[in-house]
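Below: one structure, written as C-alpha cells.
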Amino acid sequence: MIQLTELTKKFGDKIAVDHMNMSLNPGQVMGLIGQNGAGKTTTFRMILNFIAPTSGTITWNNQPITQQDKQKIGFLPEERGLYQKLTIEEQVLYFAELHGMRRSDARTALADWLKRLDVVGKATDKVQSLSKGNAQKVQMIAALIFNPELIILDEPFSGLDPVNTSIMMHEIIRMRDQGAMIIFSSHDMDNVTKISDNLTMLKKGQVILQGGVQEIREQFGRTRIYVEGPFTQTELAQLPGVDHITPQGAGFDLVVTDEAVGHDIFNYVTRNGYIPAFSQQPPTLDDIFRQEVAHNA
Amino acid sequence: MPKGLMIVIKQTYRNHFKSRGYWLLVLSPLIFTGITFGVTKMQGNTTPNVAVIGNPAVRQVMMKSEKGLDLKVSAITSAAAATKALDKQTLDGMLTFDTHGATLTTQPKSNKINQEAISSILGNLARTQKAAQYGLTPEQTQALVQPYQLKAVVKQADNRTTNGDNSSMTNYGMAVAIGVITLAVVMWYTSMIATEIANEKSSRIMETLLAATSSNIQYFGKIIGIFALALTHMILYLAAGTLAYIIFKNNAVVTGIAHNFSGITVGFTVYAVCFILVAVALYLVLTAIIASLVNDNSQVQQAVGPVTLLAMIGYFFSYFMTNMPNNIAIKILSYVPFISQSMMPVRLVTKVETWPAGIIALLIAIITLLILAWFGRRIYAKNVLSYSDDKIMSQLIKNIKRRD
Ligand SMILES: Nc1ncnc2c1ncn2[C@@H]1O[C@H](COP(=O)(O)OP(=O)(O)OP(=O)(O)O)[C@@H](O)[C@H]1O
Ligand SMILES: [Mg+2]
C-alpha cells in the first residue's frame with residue numbers, strides 16, 4: 001500500500017502541494033485531477049524522490065520508498081522523452097534492464113506489447129522515425145513492460161486519438177487486474193471516470209475532493225435531470241425547484257436545487273403517459289470540477 | 001558493484017561502440033597516418049642517382065659508401081652521356097672534377113642530394129691523398145682525418161651521466177606525445193560525455209532513468225562507460241602502433257625514433273600511462289559535473305569550452321617546460337592536477353625530478369579525482385532534473401557556494 005501523509009511541498013513562498021493525504025492499495029486505480037499548476041506533477045516527483053517534500057511522509061507498506069522499491073515503479077513522465085537515435089528495441093530493453101528485467105525476457109515481451117498496443121513499426125525501427133502517438137506508446141511500453149507494482153502515469157492520454165486512448169485505458173485496466181497500484185493524472189474527466197476506482201481532486205495544492213468516483217458524485221445529490229418529450233423550455237423552467245435549463249439534443253438538461261423535486265418533475269412530465277427519456281443523475285465529474293474550481297476561487 | 005551501474009556502463013559503451021561516429025573518431029587518425037605514409041612511399045625511389053665522371057678512384061669509394069651518402073652511383077661514366085641524361089631528367093646529378101675541386105650539376109627536378117656528405121667524403125679522400133704525398137704513415141693519416149670529438153653529457157646529482165643529446169630529443173618527443181595524446185583524448189571524450197548528458201537532460205529521458213536508478217548510478221555509469229571507450233581507443237592505437245613497429249622495424253625513421261626512446265623503462269611507461277588515464281578521468285568527471293547544468297544540446301559547447309581550455313593550457317605549458325625545466329612556476333604546475341600529466345612524466349624521464357616527486361604528483365591527481373567525483377555526485381544529483389536559465393558558469397559557482 002502506498003500512503004501519503006500530510007505531504008507538503010513549498011517552492012519558496014509558493015505552496016505547490018498542501019498537506020495531502022492519500023492511500024492506494026494493490027489492484028486500485030487512483031485518478032489525480034486538478035487544473036494546470038494544481039500540484040499533480042509535483043506529487044509524482046515527490047513519490048519518485050526527484051524532489052524532497054518540505055514536510056510529510058510517503059511510505060510503501062509502511063516503509064520509506066527505497067532504491068530497490070523504485071525498480072518496481074513504472075513511470076510515464078509528463079514530458080515524454082526517448083533516445084531518438086536508438087531503435088525501439090534498444091530503448092525498451094535498456095529501460096527494462098534498469099528495472100531489473102532480463103534482456104531476453106524483455107525482448108520476448110516487447111513483441112507482444114507492440115502487437116497489443118498496435119504500434120506502427122518494427123522493433124528495429126529508430127525512435128526518430130515514429131509518429132508522436134507511436135512514440136508515446138513505446139514510452140508507455142517502457143514504463144509497463146516489467147510488470148511494475150506501482151505505476152505512475154502523468155497525463156497518459158494527452159496527445160492520443162480516441163482509438164489509442166481506449167487502447168491505453170485497456171492496458172491500465174489490465175495492469176490493475178494483475179494487482180498493480182496505479183496513479184495517474186488527467187484533465188479529461190471522462191477518462192478518469194471510466195477507469196478510476198478513486199479520485200483525488202486538487203486545487204492549488206489542496207485536496208478538495210477525494211473518494212470513490214460514484215461516491216463523490218452521489219455526494220452532490222442527483223441534481224441533474226434529462227428529459228425528452230413534448231415540452232417547451234419555458235414550461236419546464238417554471239416548474240418549482242428548477243434552477244436552470246438548457247436544451248440538449250432532442251431534450252433538456254435541468255439542474256434542480258434538491259434531488260427530492262425529481263419526483264414531482266417525473267410526475268409532471270409523465271402525466272400524459274409515455275415519454276422517451278427521463279433520467280436523474282448526480283452531476284458529472286466535469287460539472288463538479290467546474291463547480292469546485294469556480295467555487296471559492 | 002550495484003547491478004544498475006553495470007547496466008548503465010554497458011549501455012553507454014555499447015551504444016557508442018556500435019556507432020559510426022566512434023569508429024570514425026578511432027579510424028580517421030589511423031587512416032590519415034596511413035595515407036601520409038603511403039604518399040611518401042608512392043613518391044617511389046627518392047634516392048638520387050649521381051654520375052661520377054672522370055675519377056674512377058673516387059667513383060669506387062663512393063660506390064662503396066652509397067648507403068651513407070644516401071645516393072646511387074650511376075652506371076654512366078662519360079660526361080656527354082651524363083649531360084644528356086640530365087636533360088632527359090633521368091639522372092639527378094653529375095659529379096665532375098678539376099684541379100681545384102669538384103662540381104655537382106643537377107637538374108630542376110632532381111631528388112635531393114646530400115651535398116655535405118659528398119663534400120665530407122671527398123674532403124677525406126683529398127686529405128688522405130695529400131697525406132700520402134707528404135709521406136705520412138696510414139696511422140698518421142688516420143689521426144689527421146679523424147674529425148674532432150665533442151661529446152655532450154648531462155651531469156646528474158646522483159653522479160650518473162646520461163647521454164645529453166639523446167635525452168633532449170626524448171624530452172621533446174615525450175612532451176609532445178603525452179601532450180597530444182591527453183589533449184586529443186580529452187577533447188574527443190569530454191564532448192562525448194557532455195553531449196550524452198545534455199541529450200538525456202534536454203529530452204527529459206533523465207526522468208525515466210532516475211525513476212529506475214539513482215542519480216549516482218547514472219553519474220558514475222556514464223563516466224566509467226565513456227572512460228572505457230577512451231581506454232579502448234588508446235588500446236587500439238597501442239595495438240596499431242605495435243603492429244606498425246613490427247612491420248617497419250627496419251625502416252630507418254622507425255629505428256631512429258626507437259633509438260631516441262631507448263632510455264624509457266617499463267616502469268616509466270606504466271607511470272606515464274597511469275598519469276594519462278587519471279587525467280582523462282579527471283576531465284571526464286569535471287565535464288559530467290558541468291554538463292549536468294546544461295538545459296539543452298545548444299549549451300554543450302558552453303559547457304565543454306572551459307574544460308578544453310584547461311586541457312590546452314596544460315599542453316602549452318608542456319612546451320615551455322622543455323626550454324626552462326627549472327622555472328619555479330613550471331615546477332609548481334607539474335604538481336597541479338589537470339596539468340601535471342603533461343609535465344611531470346617528462347620531468348621525471350629527463351631526471352629534472354625524482355621518482356618520489358613523480359609519485360606525489362600522481363597521488364595528488366588521484367586524490368583530486370576521488371574528491372571531485374565525490375562532490376560532483378551531489379551537484380549532478382541536484383541539477384540533472386532542474387532547468388535554469390542562468391549561465392552555466394554562474395550556476396556552477398552557485399552550486400559550489402551552497403552545498404546543501
Ligand atoms: N521547480 C519548481 N520551482 C518552483 N515552482 C515550481 C517548481 N515546480 C513546480 N512549481 C510550481 O508548483 C505548482 C504545481 O506545479 P505542478 O507541475 O505540480 O502542477 P500540475 O498539477 O502538474 O500542472 P499541469 O496540469 O499543468 O501539469 C505550480 O504553481 C508550479 O509553478
Ligand atoms: Mg503536471
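Naming: A, B, ... by sequence-line order, numbering from 1 per chain. If you're wondering where the values come from, they're calculated on a predicted model, not measured in any experiment.
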Exercise for the section: Among A:K85, A:Q71, A:H99, single out the residue with the greatest number of heavy-atom pairs under 4.5 Å to chain B. Expected result: A:H99

Problem - Residue, of A:I73, A:L82, A:I47, that accumulates the most heavy atom pairs under 4.5 Å with chain B - result: A:L82

Problem - Nearest atoms (heavy-atom pairs only) where A:F50 meets B:E207 - result: CZ-O, 3.3 Å

Fill in the blank from the handout: For A:L48 and B:A211 the tightest heavy-atom approach is CD2-CB, 4.0 Å

Taking side chain as everything from C-beta outward and backbone as N, CA, C, O, which of these in [X] sits under 4.5 Å from a heavy atom of chain B? Side chain, backbone, both or neither.
X      : result
A:L98  : both
A:R80  : backbone
A:F146 : neither

Exercise for the section: Output yes when a side-chain donor or acceptor of A:K70 lies under 3.5 Å from a complementary backbone atom of B:L210, and no otherwise. Expected result: yes

Problem - Which of B:M206, B:R14, B:K10 touches chain A most, by non-hydrogen pairs under 4.5 Å - result: B:R14

Fill in the blank from the handout: Checked B:N199, B:T213, B:N15 vs chain A; the most non-hydrogen pairs under 4.5 Å come from B:T213

Fill in the blank from the handout: If one checks every heavy atom of B:E196 against chain A at 4.5 Å, the contacting part turns out to be neither

Handout entry: Interface moiety of B:V384 toward chain A, non-hydrogen atoms closer than 4.5 Å
Key = neither

Problem - Residue pair B:S214 / A:Q67, side-chain heavy-atom distance below 4.5 Å - result: yes

Practice task
Report the residue from B:T208, B:I7, B:I205 that forms a side chain to side chain contact (heavy atoms under 4.5 Å, CB included) with A:Y94.
Solution key: B:I7

Handout entry: side-chain contact (heavy atoms from CB on, under 4.5 Å) partners of A:E90, counting only residues at least two apart
Key = A:L86, A:T87, B:K18

Problem - Flag if over 12 foreign heavy atoms under 6.0 Å of CZ, A:R103 - result: yes

